[in-house]
Amino acid sequence: MIECKRVNEGVDMNIRISDFIKDISPYVPGKPIEELQRELGIKDIVKLASNENPLGPSRKAMEAIKKATRGLNRYPDGSCYYLKKELSKKLGVSPEELIIGNGSNELLDIASKTFLMPGDNAVMARPSFVVYAMATRIAGATPLEIPLTLELSHDLVAMAGAITDKTGIVFIANPNNPTGTINLAHEFDTFMKKIPGNVLVIVDEAYYEYVTNKEYPDTLQYLKKGYPILILRTFSKIYGLAGLRIGYGIGPKELITEMNRVREPFNVNSLAQIAAAAALKDKEHVRKSVALNKTEKQFLYRELKKLNIDFVPTEANFIYMRFPFPVQPLFNEMLKRGVIIRPVGKNEIRLTIGTRKENFKFIKALEDILKEWRRQYGHNSFKP
Ligand SMILES: Cc1ncc(COP(=O)(O)O)c(C=O)c1O
């Protein structure tokens with residue numbers, strides 16, 4: 001137990017806080033684009049840092065929102081009845097097997113609070129989505145982080161091997177963020193068969209709709225067979241609704257019932273529910289988004305090869321790149337040229353696949369920066 005202190009003129013503040021909360025590094029958000037534009041004096045900054053849909057939200061979702069604003073004096077539907085009905089039709093599961101969250105992020109948090117106890121551990125990959133470790137710590141449990149394989153996908157053999165009698169959850173991001181890699185159906189199947197019945201497998205499929213590999217696992221079949229699995233998907237990526245915060249979980253109804261004890265009653269706002277239901281039906285928007293991602297991925301691959309950049313082929317809407325130098329100066333130079341990228345390690349960045357114009361701007365900026373550094377620091381040796 002730690003104390004959060006401040007000596008005041010009146011009462012001295014002396015609030016207790018658990019040491020596992022003190023251990024959590026808070027998420028550091030970037031500055032708003034408008035503020036950066038003002039500070040840097042640049043008009044159109046391109047943000048390729050948060051894996052958002054560059055085509056924007058579905059038009060159908062926007063129209064549905066406009067119509068729904070009149071009802072904003074009312075609390076939202078706490079059961080997300082209509083959205084669950086649509087999802088249940090689409091996925092072939094019952095509404096009782098669904099839970100809707102304020103982003104899939106909230107569902108990671110609810111699941112950790114529901115299924116982890118202080119002293120437990122949760123197995124996850126490193127690097128993977130940072131929220132798994134945060135949610136685990138908030139629940140008073142310890143993250144057991146297992147390095148990715150040399151191909152930068154989850155090492156499912158090592159992860160299964162790391163399970164102890166204190167393990168409550170295994171988190172798997174498929175595709176993985178930040179590497180964009182996937183685990184294939186046969187690897188996943190071997191993994192699932194090794195998992196004891198008292199360990200919940202959370203498969204985070206935030207980028208599900210972008211995957212083109214035919215050997216991507218069909219995780220719903222494990223739910224149907226009765227495995228302890230929770231599948232998470234989101235409206236933030238392909239559906240372009242990140243700003244509304246809405247995602248969903250699919251799992252055994254017994255586990256969803258337990259999560260509903262922890263979920264706050266009106267956790268998903270009404271505009272998000274309405275927009276998500278409309279976006280689900282907008283097949284054209286999804287098709288266009290997938291098609292754009294496919295062509296732009298190929299464009300970026302070609303251009304990155306020309307520049308001799310080490311990148312990892314992706315199954316998602318972002319590309320992981322490794323550089324032979326620390327990437328912070330690259331981030332700074334990119335920003336000056338109006339491109340926001342995401343450093344995800346000392347020498348690595350993650351780039352969201354944007355529109356052709358946005359991707360071209362990134363490539364042009366990268367080419368210019370590398371040229372300038374070569375000129376300044378000598379051929380083939382980039383800025384340290
Ligand atoms: C792997 C992964 N899971 C979950 C999320 C969170 O998505 P949401 O916006 O639904 O909270 C993200 C967002 O970047 C992600 O990359």
Side-chain angles (χ1 to χ4, degrees), residues 27-30 47-54 56-57 61 80 83 87 98-112 122 124-136 138 143 145 148 152-154 169-183 201-211 216-217 219 230-250 259 263-264 267-269 271-273 275-276 279-280 289 293 312 314-320 340-345 348-354:
Y27 179 78
V28 185
K47 185 179 170 220
L48 298 172
S50 299
N51 307 338
E52 294 142 341
N53 187 333
C80 299
L83 179 59
L87 281 169
L98 290 167
I99 181 163
I100 318 292
N102 184 34
S104 54
N105 208 310
E106 188 198 26
L107 297 173
L108 289 165
D109 191 46
I110 294 178
S112 301
M124 61 196 71
R126 186 191 177 92
S128 191
F129 188 44
V130 288
V131 171
Y132 308 149
M134 283 173 89
T136 300
I138 290 168
E145 296 181 308
L148 298 178
L152 299 182
S153 60
H154 283 52
I169 295 179
V170 180
F171 291 98
I172 297 172
N174 205 26
N176 188 36
N177 177 0
T179 55
T181 49
I182 59 164
N183 288 95
V201 177
I202 299 188
V203 191
D204 182 348
E205 297 181 343
Y207 302 94
Y208 170 85
E209 296 83 356
Y210 290 105
V211 177
Y216 186 54
T219 42
L230 177 70
I231 302 153
L232 300 183
R233 295 188 190 156
T234 183
F235 288 95
S236 298
K237 307 300 175 184
I238 200 96
Y239 294 106
L241 298 176
L244 281 177
R245 313 301 302 122
I246 181 161
Y248 58 99
I250 320 155
M259 288 173 75
R263 183 178 67 80
E264 64 158 293
N267 63 326
V268 183
N269 74 75
L271 297 185
Q273 293 185 36
L280 261 188
S289 306
N293 197 62
V312 179
T314 184
E315 286 291 343
N317 67 343
F318 54 85
I319 303 180
Y320 183 76
I340 308 178
I341 56 172
R342 175 64 59 95
V344 286
E348 299 84 22
I349 67 158
R350 192 193 66 204
L351 178 85
T352 303
I353 300 172

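Both counts, for ligands and for their atoms, begin at 1 and track the order of listing. Numbers here simply count residues along the sequence, with the first being 1.
Side-chain contact between K237 and S289 is absent, with no heavy-atom pair separated by less than 4.5 Å.
Residue N102 has no N or O atom closer than 3.5 Å to an N or O atom of ligand 1. Ligand 1 has an N or O atom lying under 3.5 Å from an N or O atom of T234, backbone or side chain. For N51, no nitrogen or oxygen atom sits less than 3.5 Å from a nitrogen or oxygen atom of ligand 1, counting backbone and side chain alike.
Remark: minimum distance from atom 12 (C) of ligand 1 to any protein heavy atom is reached at F129 CZ, 3.4 Å. The protein atom (non-hydrogen) at minimum distance from atom 7 (O) of ligand 1 is S104 OG, 3.2 Å. Protein heavy atom closest to atom 9 (O) of ligand 1, with residue, atom name and distance, is S236 OG, 2.6 Å.
Using a non-hydrogen distance threshold of 4.0 Å, Y207 registers as a contact of ligand 1. In this structure, D204 counts as a contact residue of ligand 1, since one of its heavy atoms falls inside 4.0 Å of the ligand.
Under the side-chain hydrogen bond (donor to acceptor under 3.5 Å, both in side chains) criterion, T314 pairs with no residue at all, not counting sequence neighbours.
Residue A206 touches ligand 1 through its side chain alone, judged by heavy-atom distances below 4.0 Å.
The neighbour count for Y208 OH, taken as heavy atoms of other residues, nucleotides or ligands under 6.0 Å away, does not exceed 12.
Within the 3.5 Å criterion, the main-chain N or O of A316 finds a donor-acceptor partner in the side chain of N293.
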CA sep, side-chain torsions, deciding dist, call: N177, D204, side chain to side chain contact (heavy atoms under 4.5 Å, CB included): CA-CA 10 Å; N177 177 0; D204 182 348; over 6 Å; no
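S128 and N176 share a side-chain donor-acceptor pair at under 3.5 Å.
Of the candidates E106, K237, R245, R233, it is R245 that places a heavy atom closest to atom 11 (O) of ligand 1.
Using cut-offs of 30° and 60° for the angle between ring planes, the F171 and Y132 rings count as parallel.
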